[in-house]
Number of protein chains: 2
Amino acid sequence: MARHSILDRLNDTLRKETLEKARVMQFPPGQILFSAGQHCHGLPLVIGGRVKVQMTGVSGHSIVLYRMEADDICTLSIGCLMTGRAYRAEAVVEEGAEALMIPRGVFDRLMDQSAGFRLGIMESYGRRLDDLMLLVEEVAFRRMDKRLEEWLLSRAARGPVVITHQALAVELGTAREVVSRLLKELERRDMVKLSRGRIEVTGLLR
Amino acid sequence: MARHSILDRLNDTLRKETLEKARVMQFPPGQILFSAGQHCHGLPLVIGGRVKVQMTGVSGHSIVLYRMEADDICTLSIGCLMTGRAYRAEAVVEEGAEALMIPRGVFDRLMDQSAGFRLGIMESYGRRLDDLMLLVEEVAFRRMDKRLEEWLLSRAARGPVVITHQALAVELGTAREVVSRLLKELERRDMVKLSRGRIEVTGLLR
DNA sequence: AAGTCGAATGTGACTTTATCACTGAAGTGG
DNA sequence: CCACTTCAGTGATAAAGTCACATTCGACTT
């Protein structure tokens with residue numbers, strides 16, 4: 001069990017009850033937690049690993065909306081659980097994840113009886129809202145070349161970035177060709193070295 | 001006081017206490033409820049009217065994120081209140097609005113003691129998340145001409161749409177020139193009639 | 001070691017959208 | 001009626017998206 005979990009905010013009784021009624025599940029990388037059109041079967045509280053949430057437009061293009069990490073509750077699932085609507089997005093495990101699947105009854109009870117849990121949930125919601133607002137601004141107003149450079153820099157700290165142009169296009173919500181061309185241009189300017197499925201950042205400065 | 005308010009979900013004691021400690025405020029059209037950089041001074045629960053929430057990028061361009069109507073709580077304010085961060089967006093009254101300004105203490109108490117209130121809050125959050133996800137998809141993948149036509153159709157039911165090209169550009173998150181050109185093209189195709197600050201939809205079909 | 005095949009990448013041609021720098025037209029208040 | 005501000009129109013150019021196809025890489029087979 002992870003440290004600093006939102007579950008630590010529960011008192012012993014509630015925590016015990018929760019751990020009894022909720023299942024801890026392991027998800028290998030690549031596993032789909034849920035996909036668009038599906039209905040919600042329980043509330044995932046991410047304990048470890050990383051899960052990306054992405055959505056696909058009618059055009060068939062996808063974009064990564066945000067990521068969930070330790071201590072994040074899946075706010076999308078809350079919405080779907082409450083209203084009975086289907087998911088609009090898809091959640092894919094990136095780094096082998098561990099999550100606690102909380103049944104609705106237990107969630108309601110925790111919301112009712114633990115101020116700490118409530119606060120955790122509200123914080124999670126706040127982060128999501130913030131992430132999405134920032135994303136709207138990015139997509140609507142910022143230039144793709146700058147966004148690409150920024151994305152690369154944010155991942156380049158520990159060695160070469162292992163990702164295909166297609167996947168990178170989904171990260172940025174653009175087309176693969178656009179990414180390929182921008183990367184080629186960066187390579188011409190000696191800012192990156194490209195090889196199949198791999199980008200080495202050599203000369204990008206923040 | 002509006003019917004079907006989230007306040008109806010409170011029991012008499014809580015409602016009475018809330019109405020004592022929270023102020024009902026009136027806001028005329030055009031009034032700024034809060035703007036980017038400001039800090040939160042209480043939680044607006046919209047009772048009537050309409051408030052649009054928009055954000056401005058570093059480029060200086062703005063985009064409308066979503067609208068709040070009766071029974072919506074300002075989820076952005078919850079986030080700012082909880083974390084102490086400043087607002088990232090701006091809220092502008094469109095139709096003269098009435099809102100209940102709830103102090104933090106009262107909000108916490110309502111969340112603690114009323115399951116109905118909690119549900120209302122979660123629903124509000126769910127709507128916001130949904131709105132923003134849809135918006136991301138729109139902005140990232142849909143064509144501007146289609147989005148413009150759709151926007152016009154959604155407003156054209158009751159007579160001509162009174163809006164400037166600039167304001168319409170903010171609705172769609174694009175530049176004024178783009179809106180002007182697309183509208184001119186629609187006019188050439190006899191789908192709209194244009195005059196200063198006014199667009200009459202004549203031949204657009206869904 | 002050579003051949004095969006699918007995934008990944010490269011690229012030209014063209015369209016759509018964004019940006020910049022203006023011009024002109026329409027209302028508004030003196 | 002005139003000055004002024006706000007709103008709208010437009011050409012030139014750059015950035016980004018789309019479509020269609022060519023090429024290359026690497027893993028796996030034989």
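Because the structure is a prediction, the values reported are computed rather than measured. Basis for what follows: all heavy atoms, side chains included, without hydrogens, waters or symmetry-related copies. So you know, we letter chains A, B, ... as the sequences are listed, proteins then strands, and number each from 1.
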Legend entry - Expected output: side-chain A/Gln54 to main-chain A/Ile63 donor-acceptor under 3.5 Å: no
Inset, instruction - From the options B/Ile102, B/Asp108, B/Val106, select the one residue that forms a side chain to side chain contact (heavy atoms under 4.5 Å, CB included) with B/Arg104. - result: B/Asp108
Legend entry - B/Leu168 CG to D/dG9 P, straight-line distance once rounded to whole Å: 12 Å
Inset, instruction - Applying side chain to side chain donor-acceptor pair (under 3.5 Å), run through B/Glu177 and B/Ser180 and close with a yes or a no. - result: CA-CA 5 Å; B/Glu177 298 93 310; B/Ser180 289; over 6 Å; no
Legend entry - Sidechain N-carboxylate O distance under 4.0 Å for B/Glu187, B/Lys193: no
Legend entry - side-chain N/O A/His61 vs D/dG17 OP1/OP2, d < 4.0 Å: no
Legend entry - Gap between atoms CG and P, on B/Asp145 and D/dG17 respectively (whole Å): 15 Å
Inset, instruction - Report yes or no: is the cationic atom of A/Arg127 (NZ for Lys, CZ for Arg) under 6.0 Å from the centre of the six-membered ring of A/Tyr66, at an angle within 45° of the ring normal? - result: no
Inset, instruction - Rounded to the nearest angstrom, tell me the gap between atom CG in A/Leu172 and atom C1' in D/dA16. - result: 13 Å
Legend entry - Length of the line joining B/Arg142:CZ and D/dG17:C1', which is rounded to integer Å: 16 Å
Legend entry - Length of the CZ-C1' vector between A/Arg147 and D/dA16, whole Å: 11 Å
Inset, instruction - Would you indicate, yes or no, if D/dG17 has its OP1 or OP2 atom less than 4.0 angstrom from a side-chain nitrogen or oxygen of A/Thr174? - result: yes
Inset, instruction - Please report the shortest heavy-atom distance between B/Ser114 and B/Leu14, naming the atom on each side. - result: CB-CD1, 4.0 Å
Inset, instruction - Using whole Å, report how far CD1 of A/Ile63 lies from P of D/dG17. - result: 10 Å
Legend entry - Where protein sits on nucleotides 10-15 of chain C, one letter per nucleotide: B base, S sugar-phosphate only, - none, heavy atoms under 4.0 Å: BBBB--
Legend entry - Contact nearer the 5' end of DNA chain C, comparing A/Ala140 with A/Ile163: A/Ile163
Legend entry - Closest contact, heavy atoms only, A/Phe34 versus A/Ser77: CE2-OG, 3.9 Å
Legend entry - Earlier contact from the 5' end, DNA chain C, for B/Lys146 and A/Arg198: A/Arg198
Inset, instruction - Please tell me which of A/Gly173 and B/Ser195 maps to the more 5' nucleotide of DNA chain D, matching each residue to the nucleotide holding its nearest heavy atom. - result: B/Ser195
Inset, instruction - Check the distance between D/dA16's C1' and B/Met144's CE and give it to me in whole angstrom. - result: 12 Å
Legend entry - Ion pair A/Arg109/A/Glu17, N-O distance below 4.0 Å: yes
Inset, instruction - Could you tell me whether A/Glu171 and A/Arg67 make a salt bridge, using a distance below 4.0 angstrom between a side-chain N and a carboxylate O? - result: yes
Tabulate protein N/O versus nucleotide N/O from nucleotides 22-25 of chain D, keeping only pairs under 3.5 Å, one per line.
| from | atom 1 | to | atom 2 | distance (Å) |
| --- | --- | --- | --- | --- |
| D/dC25 | O2 | A/Arg196 | NH1 | 3.0 |
| D/dC25 | O2 | A/Arg196 | NH2 | 3.1 |

Legend entry - Upstream residue (5' side of DNA chain D) when B/Phe141 and B/Gly197 are each assigned their closest nucleotide: B/Gly197
